[in-house]
2 protein chains.
Amino acid sequence: MNPIDTRVKSEYKAKRLPRIMLSDRIKEYVVEAVLSGELKPGDRLVESELARQLGVSQAPVREALRDLVLLGFLVSEPYKGTSVRSFTYEELWETYTVRAALESLAARLAASQLTDAAKEELQTILDEMMEAARQRDMDRIVQLDNKFHETIIKNSGNRTLYQLWKTLQYGTWSIVTYRKTTYEPVYLAARHKELLEALKSGDPEKASHVMQRHIEDMGKPPSRVELENNHSWRMNG
Amino acid sequence: MNPIDTRVKSEYKAKRLPRIMLSDRIKEYVVEAVLSGELKPGDRLVESELARQLGVSQAPVREALRDLVLLGFLVSEPYKGTSVRSFTYEELWETYTVRAALESLAARLAASQLTDAAKEELQTILDEMMEAARQRDMDRIVQLDNKFHETIIKNSGNRTLYQLWKTLQYGTWSIVTYRKTTYEPVYLAARHKELLEALKSGDPEKASHVMQRHIEDMGKPPSRVELENNHSWRMNG
DNA sequence: TAAGATTGGATTATCGATAATCGTTTATTG
DNA sequence: CAATAAACGATTATCGATAATCCAATCTTA
């Protein structure tokens, strides 16, 4: 909403770090707008309009949008325009299937090399999740859930895997809302406890298997009707 | 090398299809230059220079380079520049690990729903591969190998999986050369035959398992020395 | 002389303006 | 009146030019 403050160096005269490009900040802005619900699936993103709103030129806006298209966050057609991606029911399910494969691989790799520090980190996240569950703070739970999984992937030691996983996450922001309305918070937390124990056991196959089941269960769709009610379904079909 | 011919509409006055953007053509050009060896890992790609060579402005060149960076084909640093990505030994191995996970999932999915047409297509590719092996045409083998795997992924029916797999392929062009020098052509073809039979059996678990082993075996690195000789190793470290 | 400041050339990031294309609306014509 | 063609407004794709940043070389200065 607010124009981006383009003054960067005036504060310190080259703060030595802030090679922050406008396009990156614009990306963040757009992502935030989508995640907050300000922009809905199918909503159009006009380059010149965005540029005007943010007080920048068309170029960095265009770059930001292109990046987000590549990440599966937006969709675009040549000479026509860019809009917020909307997911079909099938695409959501597909994503869960792929995530299950990637994360069970991550669990397999992580199980045999999990440091004490990592175990502790996961335990902390889990504890916080339990607490959030008691307070029925769904936003917090979803956030912690994501952090939990990300921590596991990172501890797989496979950076290519992490990279790929992240792009997949970008492409599935809508699942957040989706899952939020679906599961009991305490149940969610309990499932993660099971997962952590499998990891701690150090048995790669066990960890892999539990993770596989974990993701697929979480992805099991409620009735199509419920999904449709929570989302702008195929608005840009 | 040659300037891109920007005349598009003069030929037919809007040929109804060719919404071909310059940036796409530039992408192809750069990819081709890298695959052909004209550009080597670590080589710098200067926007204005490329623009001049191709007879276009900086904007579409910049977009092309950004896209290829997102695809893992190039690397860039803000305000510094873009260059051809070079892979560490570890990154190559990581890629194989992830590919194994993705493709074994694809095999699992494809096994239970493989159409007769698909079986035939795979068989045809395999036959051609056998023939190419007899003629020791390594370029052709690598090409067919890729086609074989791509066909399987497509027949998994999971478009998200296919999408993700493709970006991974982009990021691993160097493996082509790498593998080419590594395996016996006839052996390669034989391994694919085994794979196809597992798929034809219709047993998802078997197909998945054979695929997993297939990829990991193919990825088993020869001595580090050999790899270093075939590539510009960490030229841009 | 060596550490730090400064300058200059090269390149990227951003800008403002123009050309190309799209979708729709309006005109044409049989 | 229906179907096609022409014109328009909106938006994207591309351009040429400028500002910001990097890097290396030169210049201080203690």
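Numbers restart at 1 for each chain; the letters A, B, ... are given by sequence-line order, proteins then strands. Atoms considered below: every heavy atom in the structure, side chains included; atoms not considered: hydrogens, waters and symmetry mates.
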With sequence neighbours left out, what residues match A:Glu94 under side chain to side chain donor-acceptor pair (under 3.5 Å)?
B:Thr160

Set of side chain to side chain donor-acceptor pair (under 3.5 Å) partners for B:Gln58, sequence neighbours left out:
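In terms of side chain to side chain donor-acceptor pair (under 3.5 Å), with neighbours along the sequence ignored, B:Gln58 is linked to B:Glu47.
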
Does a salt bridge link B:Arg66 with B:Glu63, judged by any charged N lying under 4.0 Å from a carboxylate O?
no

Between B:Glu121 and B:Lys154, does at least one N-O distance fall below 4.0 Å, as a salt bridge requires?
no

Could you pull out all residues at least two apart from A:Arg140 that satisfy salt bridge (Lys or Arg N to Asp or Glu O under 4.0 Å)?
A:Glu128

Not counting sequence neighbours, which residues clear side chain to side chain contact (heavy atoms under 4.5 Å, CB included) with B:Thr167? List them please.
A:Leu164, B:Leu71

Parsed dot-bracket for DNA chain D after applying the Watson-Crick and G-U rules with both distances under 3.5 Å and | for other-strand partners is ||||||||||||||||||||||||||||||

Are side-chain N/O atoms of B:Gln169 and B:Asn146 paired as donor and acceptor at under 3.5 Å?
yes

Contact letters for nucleotides 8-14 of chain D, in which S counts primed atoms plus P, OP1 and OP2 and B counts the base, heavy atoms under 4.0 Å:
---SBBB

